[in-house]
Amino acid sequence: MSGRGGGQRGSGRGGGRRGRGQGHGRGQPSQSSSRGGGGGRARGRGSSGSTVTYNHPPPQMAPSQPPPQMAVAPPVPPSGAPFSHPSSSSGVGSLSGEVSEKLTMEPVAVTTAPPLPPSSSKATRCIPRPGFGTVGTKCLVRANYFLVDVANADLHHYDVTITPEVTAKKVNRAIMKQLIDVYRESHLGRRCPAYDGRKSLYTAGPLPFESKELVIKLTEEDRSDGSSRPARKERQFKVAIKLASKPDLHYLREFLSRRHFECPQEAIQVLDVVLRAKPSQIYTEVGRSFFHTSLGPRGDLGNGIEYWSGYYQSLRPTQMGLSLNIDVSARSFYEPILVSDFVSKHFRRANLSKPLSDQDRIKVKKALKGVRVKLIYMNYAKTCKITGVSRDPISQLTFTLDDTRTNVSVVKYFREKYNVVLKYPSLPALQSGSEARPVYLPMELCSIVEGQRYTKKLNEQQVRSLLRATCQRPNIREGNITKMVQVNNFEVEELVSKEFGMHVHKELAWIDARVLNPPALKYHDSGRDKIVNPSCGQWNMINKKMVNGGKVDFWTCVNFSSEYWNMSEAFCVELVKMCNSKGMVFRQTPSIAMRSARADRIDQTLMDVYKESAGLDKPLQLLIIILPDQTGSYGKIKRICETELGIVSQCCKPVQASKFSNQYFENVALKINAKVGGRNTVLNDAILRRIPLVTDVPTIIFGADVTHPPPGEDSSSSIAAVVASMDWPEVTKYRGIVSAQTHRMEIIQDLYKQTKDPQKGLVEGGMVRELLLAFFKSTRQKPSRIIFYRDGVSEGQFSQVLLYEMDAIRKACSSLEEGYMPRVTFVVVQKRHHTRLFPTDRNKTDRSGNILPGTVVDTSICHPTEFDFYLNSHAGIQGTSKPTHYHVLFDENGFTADILQVLTNSLCYTYARCTKSVSIVPPAYYAHLAAFRARYYIEDEMSDSGSTGGGRKPKDKVVEVRPLPSIKDNVKEVMFYI
């Protein structure tokens, strides 16, 4: 009964190194990204055709005196001329026809997507910083960055090849540790190298050779003979070490002093590996984080899952020098329990004597595939990786014994061979080995090996438990980070300090920051409060009316709750009353009768409502839905309403609705108003045309995001969403478009596309083009300026995103009118980082103890040369608030640091769903919501057998991209996704 070991193959963390020149050919090593933190070397894609180099306008330095936060813009020029398509001479008339045709066009048969650029292209470079911001109240904050001193070291990089090949990093490290212990004195010149776990070895000085092959024997315990004293089993490995390069620290110092603009990523990678070498040997490594039961609390998340504490670590080049970004972290792991106990806990089955249904068996397979288990019935430590679960119960399984060629049942084999009587013969067996020769293992005799990360999606209860266990106030988190630094320094002291001459400071960085003033918000003149100045990132609707209240004439309510089946009428009376009191025009009586229905009749009930309203020639503007008591129906309801019936809906949870809270009614009213075309509030400076580089000429603000399937799901598409403002100069109403694309593809593929129509020939389209046409239809003006906030892009993808998506934006604009090229500013929005800012003055915090809303940092911890900043635009609720990182990749509009920072902070106060500023700029937030909504449209089509659950898609598996169902036109017109 043997199993196979080994782990999954790791991947490099690099990216495209920015600079001029051509992309690498297929199969050639790519240049590393000029970002912090090194990883394994990435491999580049082939380049097809020539690349395009964008020329940025000259940087504009920050003014010496602080300008006002909203300076008066130049006089507004006359409305822009309409689009004039190259093939049309009728101007507005032909465009209007194209608008109508475009917005109602049926999908065509063949789509030609532009080819993706090389992943390592050097044809683009992020723009240089135009100066530093000066607006706001100055203050000091602490950041979880620790300065790293580096001595002059003669760095050498050696390639490592281990034969036979080993895929598990843990085994690789054990091999190299044994090699260093055995050969350090005799062959390695007494040097102590740092190893990355894969193919690279680094030294501070040359080894006595350029190329050498060494042999080591790795020993492990073996009790296969049944003796109480373990034998020592040896495995022999050949390790070839060959000089690869000599990274130079000189260029790193030049880069940090801003005398060199290409980041020497190889040098940073060496130093990063050095700092990670020791922790990687003693802790469980997950990405850039380390976890161990000794690093902090360990707790139960339920369903056989637990969390471990640890820390994140990344070496980054910053304005103050090389800095180590360290943050506390927590991740979910499998509990080290018997697999039978895991099945009982994970699927809440108290009785394991009954057979599993086929559906439950598939769920067990998904949850356990790829997990390593320890065989507790063996006399020695033996582990296997689970490859599947048998279709039949273990009591019905037989196999052929190799020695006697006889067929024997699994139950009988374990009883006679190991004197074990199986307690749960009705459970299926775990499978190890290959499909052709599976090895059957009883669940009750297999224990899950400790330290395996749980990569599947956590359920709502587990997420709540994890947040509750790991949520830390700023002062507590800061203290825990300091402790982690002390642990880190202690563990790496010998290698880091003595061998490579590095020193990590133990104090958090003190950095200059500024607090921006909140913007003035405009409400309707009929309310008592017409202008609001938010305090500490929040305000309320008392004595205020929506600046543009929507109108609802045709509506009704459907109640799917069985526990609160009779509350529909009273609930709607209060909700309508709240909507009217806040400025909406909401008819008090429904256009068709309200009704209650069972949760198992959602489809039929919604169809009945649609047919009844259509028959009376009163198509619903709004359908209020009280959800079923059990969760799980929301996505289905939204899919039916938005893609099949064309109904704008507002769903309400029955427990919350039953409280009849005025605050709840107010929050729902804000969402309803936005969904029916109204505006809740706008920036007062937008009304007065005082927002620089926005209100002077027609400007459209985009937001874009891509969401990917949950971890372990390899059969569904990624979903891209793009939203754009439709109401210049107010910039508060955003139309959204969604599109399915290649699995885990981060580049948005449908920004611009060409389709071949049998009658029309080549038809140009895409998300940007459609939104530009919609903007013209809404404002009767063509935008002269585009501000594009792009969410969800990692640092290693900056060059690729800039190259491809900027090109798509250009093509979309020029397809509308020959020579039409609005000025573009492209800003990446990042929330998935580990930067934390802590207040230095406890008297200048918000109520949660966090830094104040509006705190902005563009010095010290930011990029040495590029245009980026951290902005904490929201008030903390619980735990430590996380600032959002904004990185400007491209700018033709000449934004100064002050203008862009103030604009971004001000927009965060226009989010439609609440009376609070939000943590990321609303266009990016809306794009995320739209993409998340669209996933509901395809969830019902995903079968349980569609996911391998292994965490990685097989290299030769091509996942079909299923197009999303079309959203009905009347739904697309409004902000249906909020």
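In this chain, numbering begins with 1 at the start of the sequence shown. The structure displayed is predicted, hence computed values, not measured ones.
Not counting sequence neighbours, the partners of Ser245 by the side-chain hydrogen bond (donor to acceptor under 3.5 Å, both in side chains) test are His157, Glu266. Checked against salt bridge (Lys or Arg N to Asp or Glu O under 4.0 Å), Arg785 has the following partners two or more places apart in sequence or in another chain: Asp696. Among residues two or more places apart in sequence or in another chain, the side-chain hydrogen bond (donor to acceptor under 3.5 Å, both in side chains) test is passed with Ser873 by none. Judged as a side chain to side chain contact (heavy atoms under 4.5 Å, CB included), and not counting sequence neighbours, the contacts of Ser323 are Tyr145, Leu147, Thr318, Met320. The side chain to side chain contact (heavy atoms under 4.5 Å, CB included) test applied to Ile978 returns Ala674, Lys675, Ala912, Arg913, Tyr926, Met975, not counting sequence neighbours. Remark: Pro729 engages Arg689, Thr695 in a side chain to side chain contact (heavy atoms under 4.5 Å, CB included) (not counting sequence neighbours). Partners of Arg514 according to the salt bridge (Lys or Arg N to Asp or Glu O under 4.0 Å) rule, which considers only residues two or more places apart in sequence or in another chain, are Asp858, Asp898. Applying the salt bridge (Lys or Arg N to Asp or Glu O under 4.0 Å) test to Asp705 and every residue at least two apart in sequence or in another chain returns nothing. For Ser329, the side chain to side chain contact (heavy atoms under 4.5 Å, CB included) partners two or more places apart in sequence, or in a different chain, are Ser289, Phe291, Arg331. Arg836 meets the salt bridge (Lys or Arg N to Asp or Glu O under 4.0 Å) test with Asp327; sequence neighbours excluded.
For the side-chain contact (heavy atoms from CB on, under 4.5 Å) with Cys862, the lone residue among Asp868, Ile511, Thr835 that qualifies is Asp868. Screening Tyr870, Phe867, Tyr789, Phe798 against His887 for a ring-ring contact (aromatic ring centres under 6.0 Å, His included) leaves a single residue, Phe798.
Using a 4.5 Å heavy-atom cutoff, the side chains of Pro883 and Val857 are not in contact. Contact of the Ile938 side chain with the Ile719 side chain is registered, since non-hydrogen atoms from C-beta on lie closer than 4.5 Å. Counting heavy atoms from C-beta outward, Asp248 and Glu254 have side chains that stay 4.5 Å or more apart. Ser881 places none of its side-chain heavy atoms less than 4.5 Å from the side chain of Ser919. Counting heavy atoms from C-beta on, the side chains of Thr904 and Phe869 come closer than 4.5 Å. Looking only at side-chain heavy atoms (C-beta outward), Pro783 and Phe775 come within less than 4.5 Å of each other. Two residues are said to be in side-chain contact when any heavy atoms from C-beta on lie closer than 4.5 Å; Lys777 and Met726 fail this criterion.
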Stepwise, does the side-chain contact (heavy atoms from CB on, under 4.5 Å) test hold for Lys811 with Glu764?
-> CA-CA 9 Å; Lys811 289 178 178 177; Glu764 295 176 301; over 6 Å; no
Carefully, step by step, assess Leu762 and Lys756 under the rule side-chain contact (heavy atoms from CB on, under 4.5 Å).
-> CA-CA 5 Å; Leu762 193 64; Lys756 294 179 180 178; 4.2 Å; yes
Evaluate side-chain contact (heavy atoms from CB on, under 4.5 Å) for Leu900 paired with Tyr886, printing each intermediate quantity in order.
-> CA-CA 10 Å; Leu900 185 59; Tyr886 296 91; over 6 Å; no
What do the steps show when you test Gln781 against Val697 for side-chain contact (heavy atoms from CB on, under 4.5 Å), and what is the final call?
-> CA-CA 10 Å; Gln781 299 184 88; Val697 295; over 6 Å; no
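For Arg258 (side chain) and Pro864 (main-chain N/O), a donor-acceptor pair under 3.5 Å exists by modelled atom type. When atom types are taken as modelled, the side chain of Ser718 and the backbone of His708 share no donor-acceptor pair closer than 3.5 angstrom. With hydrogens and angles disregarded, no donor-acceptor distance shorter than 3.5 Å links the side chain of Thr910 to the backbone of Thr732. The main-chain N or O of Leu275 is found under 3.5 Å from a side-chain atom of Gln313 such that the two form a donor-acceptor pair. Under the 3.5 Å distance criterion, the side-chain polar atoms of Gln830 are matched with a main-chain donor or acceptor of Val793. The main-chain N or O of Thr865 is never found under 3.5 Å from a side-chain atom of Arg129 such that the two would form a donor-acceptor pair. Remark: the backbone N or O of His874 is paired with a side-chain donor or acceptor of Asn872 at under 3.5 angstrom.
Looking at every heavy atom in both residues, Val706 comes nearest to Arg790 through CG2-NH2, 4.0 Å. What you find for Ile787 and Phe895 is that their closest heavy atoms are CD1-CZ, 3.7 Å. For the pair Val824 and Phe890, the tightest heavy-atom approach, listed with the atom from each and the gap, is O-CD2, 3.7 Å. Smallest separation of non-hydrogen atoms from Ala740 and Arg962: CB-O, 3.3 Å. The nearest pair of heavy atoms linking Thr699 to Val694 is OG1-O, 3.0 Å. Across Asp196 and Arg198, no two heavy atoms sit closer than the pair OD1-N, 2.8 Å.
No side-chain N or O of Asp512 forms a donor-acceptor pair with one of Thr859 less than 3.5 Å apart.
The distance from the CD atom of Gln749 to the CD atom of Gln741 is 4.5 Å, given to the nearest 0.5 Å. Taking CD1 from Ile700 and OG from Ser778, the interatomic distance works out to 9.5 Å, rounded to the nearest 0.5 Å. Between atom CD of residue Glu795 and atom OG of residue Ser314 there is a gap of 7.5 Å, rounded to the nearest 0.5 Å. Of the inter-residue distances, the one linking Arg810 atom CZ with Leu751 atom CG reads 13.5 Å to the nearest 0.5 angstrom. A distance of 8.0 Å separates CG of Leu772 from OG of Ser815, quoted to the nearest 0.5 Å. Atom CZ of Arg744 and atom OG of Ser716 lie 8.0 Å apart (nearest 0.5 Å).
Aromatic ring pairs are classed by plane angle as parallel below 30°, tilted from 30° to 60° and perpendicular above 60°; the pair Phe255 and His863 is perpendicular.
Within the structure, no pair that satisfies the salt bridge (Lys or Arg N to Asp or Glu O under 4.0 Å) test touches residues 823-834, not counting sequence neighbours. Among residues at least two apart or in separate chains, salt bridge (Lys or Arg N to Asp or Glu O under 4.0 Å) pairs with a member in residues 722-732 are Arg679-Asp727, Arg679-Glu730.
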